[in-house]
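Source: prediction; values computed, not measured.
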Amino acid sequence: MTQTPAPASSAELSEAERARILAKAALFAPPPATLPDGRRDLVGLSREELAAEMVAIGEKPFRAKQLWHWIYHQGVTDFARMSTIAKPMQAKLAERFVVGRPGVVTEQTSTDATRKFLFGFRDGQQVETVYIPDEQEDRGAVCISTQVGCTLSCKFCHTGTQKLVRNLGAAEIVGQFMAARDAYGEWPSPTDGTPRLLSTIVIMGMGEPLYNYENVAKAMRIIMDNEGIALSRRRITLSTSGVVPMMDRCGEELGVGLAVSLHAVRNDIRDEIVPLNRKYPIEELMAACRRYPGASNARRITFEYVMLKGVNDSEADARELVRLLKGLPAKVNLIPFNPWPGSPYETSSNNAIHRFANIVMEAGYASPIRKPRGRDILAACGQLKTESERRRAARPQATPSKAAKADAA
Ligand code: SAH
Ligand code: SF4
C-alpha cells in the first residue's frame, strides 16, 4: 500500500517559500567586492568578516574594531588619515584594501531642495538615491535603492518598467547612505541625541527590498551598529509591495519600521496594479501585518496608497480600507500618483484625495497626504529609473518585454 505524504504545515510551506526566494535572489547577486587590482573593499563586511580579513593578513582581530570606527564613525576613506594606526600598518592596509564609495555620476537639486544622486558601481550599473530635506527643520530622509530595476511590474511605477538587472550588495546599499553623507559633510556620525541632517532612512527607492533580503539585512545591521553610523532601527523604514514570507523575518531580525504598498482594497484591482497580489493576496498580506513583530501604537505600520484617478480612489474604497485595518496599529500615507513619461494613470483630484483622507481619519487612522517632492527632477516616489534605462526605453525595440520580466520574477 502506498502512503500519501502528510500535507506540509503552513510553517513548512513558508519556510520552503523563503528558501525559494533566497535562492532566486542569489541568481542576481552583485559582483565580487574585489577590484581588478586585487584589493578588496572593506565596506559592506560584517564585523566578523572584517576581523577575519585582519586575521588573514596576520593582524589581531582588534584592528577590525579600529577600522570600523574610522570607516563608519569618522567616514574616512583614506588609510593615511587613520591617525590611530601606525604608518607602516596604514601602508599595509592600503596595499590590500580600499574603503569604497559608489561614484557620483550626476547630482540634481529640485526647486524644493530635494536632491537626487545617480550612483555608479564598479560594474557600470547605476541606481538613484534621493535626499528629502524636511521643510521646517534641519533633518531629512534618505531614500535608498536595493536593486537595479525590479522583478515586479507595478503598473504605476517607473522602476517597474525596467527589468531586474541585479541585486545591490550590502556595500552598495550602505554606500548610498555614506556617499549622501559625504555630499552634506555629515561626518563623524552624530552620537546620542545630537540632531542629524540625514536623520532617517526609507528603503523606498528602486527595487523590492524583500527580494534582496540578505544584502539589505546586512547593510541595515552595519548602519544600526552602535560604534559606527549608529542610526536607530526606529529611524529606518522598509517598504515592501507585500513579499509575505519575508515580512516575519524582517520584523524579527531587523525590527525596522514597516511600510506596506497596499494601493488597493479589492483583490481584482490589486491583482492588476500590484501583480504580486496574485501570489500573496490582500488577506495573506494583512495577516502578515498583524503578525509583524514590534508593531504597536507607538510604531504603527504605514500603509502606502497611491491615489489613481478612477481606479482606487472612491469613498467605497476608503470605507473598505478602514474595514481591512480594523484592530491594526496603522497609519495611511496617501500618495498622489507621480506621473512619468508614458505612464498610464492620472492623479486623483484634490477633492477625491481629501474625501478619501477624511473617511480614513474619521475612523481613527492618521492619513496624511504625502506632498510630492522633487517631481521636477523625477525624484518623487515611483519616478526613479536610471538615465541609461531612460535612454534605452526611448528606443522602443530595446524596452524590456513583459515576457522577459515574467521570466525574471
Ligand atoms: N518596492 C518597494 C519599495 C519601493 S517603491 C515597494 O513597492 O514598496 C516606494 C513606494 O512608492 C511604494 O509605495 C510604491 O508603490 C510607490 N510608488 C511607485 N510608483 C509611484 C508613482 N508613480 N507615484 C506615487 N507613488 C509610487
Ligand atoms: Fe518594484 Fe516597488 Fe516599483 Fe512595484 S512599486 S515595481 S515593487 S519598485
Engineer: Is there a side-chain contact between Lys279 and Val243, using heavy atoms and a 4.5 Å cut-off?
Structural biologist: no

Engineer: Indicate yes or no for a side-chain donor-acceptor contact from Lys116 to the backbone of Leu378 under 3.5 Å, with no hydrogens or angles considered.
Structural biologist: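 Yes, the answer is positive, given that a donor and an acceptor are paired below the 3.5 Å cut-off.
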
Engineer: Does Leu168 offer a backbone N or O that forms a donor-acceptor pair with the side chain of Asn212 under 3.5 Å?
Structural biologist: yes

Engineer: How would you list, by chain and number, every residue that makes a side chain to side chain contact (heavy atoms under 4.5 Å, CB included) with Ser343, sequence neighbours excluded?
Structural biologist: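 Partners of Ser343 under the side chain to side chain contact (heavy atoms under 4.5 Å, CB included) test: Phe337, Pro339, Trp340.
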
Engineer: More than 12 foreign heavy atoms under 6.0 Å from CG of Asp37: is that the case here?
Structural biologist: yes

Engineer: Check whether any side-chain heavy atom of Thr77 lies under 4.5 Å from a side-chain heavy atom of Arg101, and answer yes or no.
Structural biologist: yes

Engineer: Between Asn312 and Asp317, do the side chains contain a donor N or O and an acceptor N or O under 3.5 Å apart?
Structural biologist: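 No - no donor-acceptor pair under 3.5 Å links their side chains.
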
Engineer: So, Arg63 side chain and Ala51 main chain: donor-acceptor pair closer than 3.5 Å or not?
Structural biologist: no

Engineer: Pair Leu210, Leu238 - check side chain to side chain contact (heavy atoms under 4.5 Å, CB included), show working.
Structural biologist: CA-CA 9 Å; Leu210 296 186; Leu238 179 145; 3.9 Å; yes

Engineer: If you compare all heavy atoms of Val216 against all heavy atoms of Pro209, which two are closest, and at what distance to 0.1 Å?
Structural biologist: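 Between these two residues, the closest heavy atoms are CG2-O, 3.7 Å.
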
Engineer: Which pair of heavy atoms, one from Ala264 and one from Ile269, lies closest together, and at what distance?
Structural biologist: CB-CG2, 3.9 Å

Engineer: Between Thr237 and Leu258, is the side chain to side chain contact (heavy atoms under 4.5 Å, CB included) condition met? List the steps.
Structural biologist: CA-CA 6 Å; Thr237 303; Leu258 181 70; over 6 Å; no

Engineer: Specify the closest pair of heavy atoms between Met54 and Ala64, including all atoms of both residues, with the distance to one decimal.
Structural biologist: CG-N, 4.0 Å

Engineer: Are Arg166 and Glu172 close enough for a salt bridge, meaning some N to O gap below 4.0 Å?
Structural biologist: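 A salt bridge links Arg166 with Glu172.
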
Engineer: Is there a donor-acceptor pair closer than 3.5 Å between any side-chain N or O of Asp248 and the backbone N or O of Ala288?
Structural biologist: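 A pair under 3.5 Å: no.
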
Engineer: Using the side chain to side chain contact (heavy atoms under 4.5 Å, CB included) rule, take Thr347 and Met307 through it: C-alpha gap first, then chi angles, then the decisive distance, then the call.
Structural biologist: CA-CA 6 Å; Thr347 312; Met307 300 297 292; 5.6 Å; no

Engineer: Any salt bridge linking Glu15 with Arg18? Criterion: basic side-chain nitrogen under 4.0 Å from a carboxylate oxygen.
Structural biologist: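 Between Arg18 and Glu15 there is a salt bridge, with a charged N closer than 4.0 Å to a carboxylate O.
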
Engineer: Got a donor-acceptor contact below 3.5 angstrom from the Asn215 side chain to the Ile173 backbone?
Structural biologist: no

Engineer: For Glu53, run the salt bridge (charged side-chain N to carboxylate O under 4.0 Å, His left out) check against Arg40, Arg39, Arg96 and tell me which one passes.
Structural biologist: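 Result: among Arg40, Arg39, Arg96, Arg40 is the only option passing the salt bridge (charged side-chain N to carboxylate O under 4.0 Å, His left out) with Glu53.
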
Engineer: Which atom names give the shortest non-hydrogen contact between Lys92 and Ile57, and what distance separates them?
Structural biologist: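 In this case the closest contact between Lys92 and Ile57 is NZ-O, 2.9 Å.
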
Engineer: Give a yes or no on whether the backbone of Ala33 and the side-chain of Asp41 come within a donor-acceptor separation of less than 3.5 Å.
Structural biologist: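 Checking the backbone N and O of Ala33 against the side chain of Asp41, no donor-acceptor pair under 3.5 Å is found.
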
Engineer: Do Ser153 and Thr161 touch side chain to side chain, with heavy atoms closer than 4.5 Å?
Structural biologist: no

Engineer: Distance check, rounded to the nearest 0.5 Å: Met82 atom CE versus Leu67 atom CG?
Structural biologist: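 That separation rounds to 5.5 Å.
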
Engineer: Between Pro102 and Met178, is there a side-chain heavy-atom distance shorter than 4.5 Å?
Structural biologist: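 Met178 vs Pro102: side chains apart.
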
Engineer: Hey, what do you get for CG (Leu334) to CE (Met361), rounding to the nearest 0.5 Å?
Structural biologist: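 Answer for the CG-CE pair, Leu334 versus Met361, is 10.5 Å.
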
Engineer: For residues 85-138, which residue pairs pass the ring-ring contact (aromatic ring centres under 6.0 Å, His included) check, not counting sequence neighbours?
Structural biologist: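 Sorted result for residues 85-138: Phe117-Phe119, Tyr131-Tyr184.
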
Engineer: Under a 4.5 Å cut-off applied to non-hydrogen side-chain atoms, are Lys309 and Tyr345 in contact?
Structural biologist: no

Engineer: Does any N or O in the side chain of Thr240 come within less than 3.5 Å of the main-chain N or O of Val260, such that one atom is a donor and the other an acceptor?
Structural biologist: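 Not at all, since once roles are kept as given, no pair shorter than 3.5 Å links the two residues.
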
Engineer: Once you round to the nearest 0.5 Å, how far does CE of Met224 lie from CD1 of Ile222?
Structural biologist: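 So the gap between those two atoms works out to 10.5 Å.
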
Engineer: Run the salt-bridge test on Glu253 and Arg221 with the 4.0 Å N-O cut-off and return the result as yes or no.
Structural biologist: yes

Engineer: Return each pair, listed once, that meets ring-ring contact (aromatic ring centres under 6.0 Å, His included) where at least one residue sits in residues 252-304; pairs must be two or more places apart or across chains.
Structural biologist: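 Matches after skipping sequence neighbours: Phe156-His263.
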
Engineer: Any side-chain heavy-atom pair from Pro336 and Ser348 closer than 4.5 angstrom?
Structural biologist: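 No, every pair of side-chain atoms sits at 4.5 Å or beyond.
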
Engineer: Does Val148 reach the side chain of Phe28, with side-chain heavy atoms less than 4.5 Å apart?
Structural biologist: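 Val148 does not reach Phe28 side chain to side chain.
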
Engineer: How close do Ile335 and Arg370 get, counting heavy atoms only, and between which atoms?
Structural biologist: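 Closest pair (atom of Ile335, atom of Arg370, distance): CD1-NH1, 3.7 Å.
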
Engineer: What are the two closest heavy atoms between Ala259 and Glu304, and how far apart are they?
Structural biologist: CB-OE1, 3.4 Å

Engineer: Let me know which of Arg139, Arg196, Lys371 forms a salt bridge (charged side-chain N to carboxylate O under 4.0 Å, His left out) with Asp134.
Structural biologist: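 That would be Arg139; it is the only one of Arg139, Arg196, Lys371 passing the salt bridge (charged side-chain N to carboxylate O under 4.0 Å, His left out) with Asp134.
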
Engineer: Quick one, Arg299 and Arg234 - any side-chain contact, counting heavy atoms below 4.5 Å?
Structural biologist: yes

Engineer: What's the spacing between Ile273 CD1 and Cys157 SG if we round to 0.5 Å?
Structural biologist: 11.5 Å

Engineer: Working to the nearest 0.5 angstrom, can you tell me the gap between Trp68 CH2 and Ile71 CD1?
Structural biologist: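 The CH2 atom of Trp68 sits 8.0 Å away from the CD1 atom of Ile71.
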
Engineer: Taking atom types as modelled, find out whether Asp376 and Gln108 have a side-chain donor-acceptor pair closer than 3.5 angstrom.
Structural biologist: no

Engineer: Less than 3.5 Å apart, any donor N or O on the side chain of Thr151 or Glu208 sitting next to an acceptor on the other?
Structural biologist: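 Side chains of Thr151 and Glu208: no pair found under 3.5 Å.
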
Engineer: Check for a donor-acceptor pair, side chain of Ser145 on one end and backbone N or O of Met206 on the other, with a separation under 3.5 Å.
Structural biologist: yes

Engineer: Any chance you could measure Asn277, atom CG, to Arg266, atom CZ, to the nearest 0.5 Å?
Structural biologist: 12.0 Å

Engineer: Could you check whether Arg249 pairs with Glu252 (Lys NZ or Arg NE/NH1/NH2 to Asp/Glu carboxylate O, under 4.0 Å)?
Structural biologist: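 Between Glu252 and Arg249 there is no salt bridge, as every charged N stays at least 4.0 Å from the carboxylate O atoms.
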
Engineer: Are Glu49 and Lys218 ion-paired here, with the side-chain N under 4.0 Å from a carboxylate O?
Structural biologist: yes

Engineer: Compute whether any side-chain donor of one residue and acceptor of the other, for Thr302 and Asn333, lie under 3.5 angstrom apart.
Structural biologist: no

Engineer: Is there a donor-acceptor contact under 3.5 Å linking the side chains of Glu227 and His73?
Structural biologist: no

Engineer: Whether the side chain of Arg373 engages the backbone of Asp112 through a donor-acceptor N/O pair (distance < 3.5 Å, no angle test) should be reported.
Structural biologist: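 Looks like yes, one N/O pair under 3.5 Å.
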
Engineer: Using 4.0 Å as the upper bound for N to carboxylate O, is an ion pair formed by Lys155 and Glu272?
Structural biologist: yes

Engineer: Yes or no on side chain to side chain contact (heavy atoms under 4.5 Å, CB included) for Leu35 and Val98, after CA distance, side-chain angles and deciding distance?
Structural biologist: CA-CA 9 Å; Leu35 277 61; Val98 294; 3.8 Å; yes

Engineer: Under the 3.5 angstrom rule, does the side chain of Thr159 hit a backbone N or O of Leu384 as a donor-acceptor pair?
Structural biologist: yes

